[in-house]
Amino acid sequence: MEKSWSDIGLVDSLKDPPLREITVQGKPVALSYKDGQFGAILGVCTHVGGPLGKGKLEGDYIVCPWHYWQFHRTTGSAQPGYEDKVSQYELKIENNHLFINTVPITKGHKSVHPPHLLARDVKREEGPIRVVGISTTIMDSKNPRYSTSDKLLEVAINHAKNELGAQTMFIRLNDLKFRACEGFYSKSAFACTWPCSITQMDETDQLTQVYEALIHWADVVIVATPIRWGAASSLYHKMIERMNCVQNQITINNKVLIQNKVASFIITGGQDNVQDVAGHMLGFFSEIGFVFPPFPFIAHTRGWDAEDMENNIAYVAESDDLKNGAKDLVRRSIDMAKIVLQQHLSQEEIVKAGRKAQHLTINEEL
Ligand code: FES
């Protein structure tokens with residue numbers, strides 16, 4: 001194809017910063033300057049379209065700002081060991097101006113990367129109702145203590161297994177090593193991927209177990225939390241921040257990962273604020289697709305001025321009312337799961353009113 005030169009600007013004005021994004025015929029280009037040489041490659045990462053011109057230079061490689069893939073700043077080739085490549089552009093200097101040939105001299109290539117296991121289609125396997133309990137209390141696991149929320153969750157899960165014929169799973173977040181959400185969504189809605197960007201980058205991250213249970217396995221989730229300073233536990237918040245990627249799929253792809261599933265909650269604390277904690281949990285779990293049984297939480301506190309925590313533990317440990325409440329909560333949740341599975345309340349697509357997102361096609365850009 002015939003060359004087509006376009007004037008980018010004065011050479012001296014383009015040396016600093018050493019990496020920038022320019023637009024050439026409507027396409028973003030990552031223009032770099034290092035060791036007296038300019039480089040120009042397409043500014044669209046082959047992964048999920050991150051803006052390479054807004055990344056950073058490490059040696060001769062441009063590091064994508066979204067998930068840190070690297071591309072050679074002049075050839076566009078991915079770092080050694082990877083086959084991906086973005087288009088490379090020819091440059092020339094005339095009369096102290098930098099020109100770019102808008103016809104790429106080499107084309108890009110997106111290689112096929114095997115998808116993460118979590119990315120498989122969500123399909124309910126045949127079988128009895130499946131209930132997962134997620135305990136979010138924090139303690140020194142070598143020196144465990146009595147946790148009122150954890151114990152009531154145990155009662156509920158054991159009842160589901162032994163009396164209600166459900167398959168069950170119990171996850172203690174305290175046992176899992178997982179990273180806090182690092183705010184990929186704050187870079188761009190498209191940088192917040194499903195499966196979670198951290199899950200895909202870090203195979204040691206153990207929140208995979210929670211995603212697997214919530215997205216693929218369970219019909220019912222019961223989340224138990226203590227009240228800490230009037231809110232759910234910090235581990236609970238650490239977990240739900242990592243669920244941004246689940247909600248974001250609805251926003252950017254109209255893809256609802258959680259359908260026909262029921263959530264309910266166990267909330268306990270020495271002091272009060274149950275309704276606030278429950279309101280938050282209900283709001284969050286509704287945002288990612290769960291529905292709820294009638295009376296979707298049980299709770300216990302002894303009130304604002306109760307500081308004698310040892311008596312609180314004794315109260316819960318001996319309370320048949322609370323244990324029966326936990327059993328009845330899981331029964332209501334299972335009953336509701338049977339209804340939603342029979343009625344099939346799912347929706348393949350939900351257009352989120354008021355939330356807009358541009359769609360991005362990477363292959364066209366390469
Ligand atoms: S590393 Fe570039 S978009 Fe993910």
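Order of listing sets the numbers, starting from 1, for every ligand and every atom in it. Just so you know, these numbers use all the heavy atoms, side chains as well, and skip hydrogens, waters and symmetry mates.
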Colleague: Indicate, with yes or no, if the rings of His237 and Trp229 have centres closer together than 6.0 Å.
Modeller: no

Colleague: Can you name the N/O/S atom of His47 that is nearest atom 4 (Fe) of ligand 1?
Modeller: ND1

Colleague: Taking only heavy atoms of Trp69, which atoms of ligand 1 are found under 4.0 Å from at least one of them?
Modeller: 1 (S)

Colleague: Would Cys45 count as a contact for atom 2 (Fe) of ligand 1, in the sense that one of its N, O or S atoms lies under 2.8 Å from it?
Modeller: yes

Colleague: Under 4.0 Å from any heavy atom of Trp66, which atoms of ligand 1 are there?
Modeller: 3 (S)

Colleague: Walk me through whether Phe178 and Gln209 qualify under side chain to side chain contact (heavy atoms under 4.5 Å, CB included).
Modeller: CA-CA 10 Å; Phe178 63 101; Gln209 292 178 35; over 6 Å; no

Colleague: Consider only side-chain N and O atoms of His47 and Asp84, and report whether a donor and an acceptor are under 3.5 Å apart.
Modeller: no

Colleague: Please tell me whether Thr102 and Ser6 have a donor and an acceptor in their side chains that are separated by less than 3.5 angstrom.
Modeller: no

Colleague: Considering only the protein, which heavy-atom contact is closest to atom 3 (S) of ligand 1, and what is its distance?
Modeller: Gly50 N, 3.3 Å

Colleague: Counting from 1, what ligand 1 atoms have a heavy atom of Tyr68 closer than 4.0 Å?
Modeller: 1 (S)

Colleague: Could you tell me whether the side chains of His72 and Thr74 share a donor-acceptor contact shorter than 3.5 Å?
Modeller: yes

Colleague: For atom 2 (Fe) of ligand 1, does an N/O/S atom of Cys64 lie at less than 2.8 Å?
Modeller: yes

Colleague: Looking at His67, pick out the N, O or S atom nearest to atom 4 (Fe) of ligand 1 and give its name.
Modeller: ND1

Colleague: Are side-chain heavy atoms of Ile129 and Leu164 found at a separation under 4.5 Å?
Modeller: no

